[in-house]
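Below: one structure, written as structure tokens.
Here, residue 1 is the first one in the sequence, and each next residue gets the next number.
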Amino acid sequence: MAAMKPRTGDGPLEVTKEGRGIVLRMPLEGGGRLVVEMNAEEATALGDAIKDCVG
């Protein structure tokens, strides 16, 4: 039987361009990672929305 490793969110926030898409990998507090693939327009809209929230 394989050893079980705890799933942690440790690690950096990663954003990479893969093919035509942009992939965001975000560590989560409860463990695991949120992975979102988006196009350039969606990434720009997300960046603008985040900037509006933090000032």
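- For E41, there are no side chain to side chain donor-acceptor pair (under 3.5 Å) partners, not counting sequence neighbours.
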Show every donor-acceptor pair shorter than 3.5 Å between a side-chain atom in residues 16-23 and any protein atom, with sequence neighbours excluded, or say none if there are none.
| from | atom 1 | to | atom 2 | distance (Å) |
| --- | --- | --- | --- | --- |
| T16 | OG1 | E18 | OE2 | 3.2 |
| T16 | OG1 | R25 | NH1 | 3.4 |
| E18 | OE2 | R25 | NH1 | 3.4 |
| E18 | OE2 | R25 | NH2 | 3.0 |

Under 3.5 Å, side-chain donor or acceptor atoms of residues 43-55 against the rest of the protein: list the pairs with distances, not counting sequence neighbours.
| from | atom 1 | to | atom 2 | distance (Å) |
| --- | --- | --- | --- | --- |
| T44 | OG1 | A40 | O | 3.0 |

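- The side chain to side chain donor-acceptor pair (under 3.5 Å) test applied to E42 returns no partner, not counting sequence neighbours.
- Judged as a salt bridge (charged side-chain N to carboxylate O under 4.0 Å, His left out), and not counting sequence neighbours, the contacts of E14 are R33.
- L24 is listed as a side-chain neighbour of L13, based on a closest heavy-atom distance under 4.5 Å.
- Across all their heavy atoms, P12 and P27 have their closest contact at O-CD, 3.9 Å.
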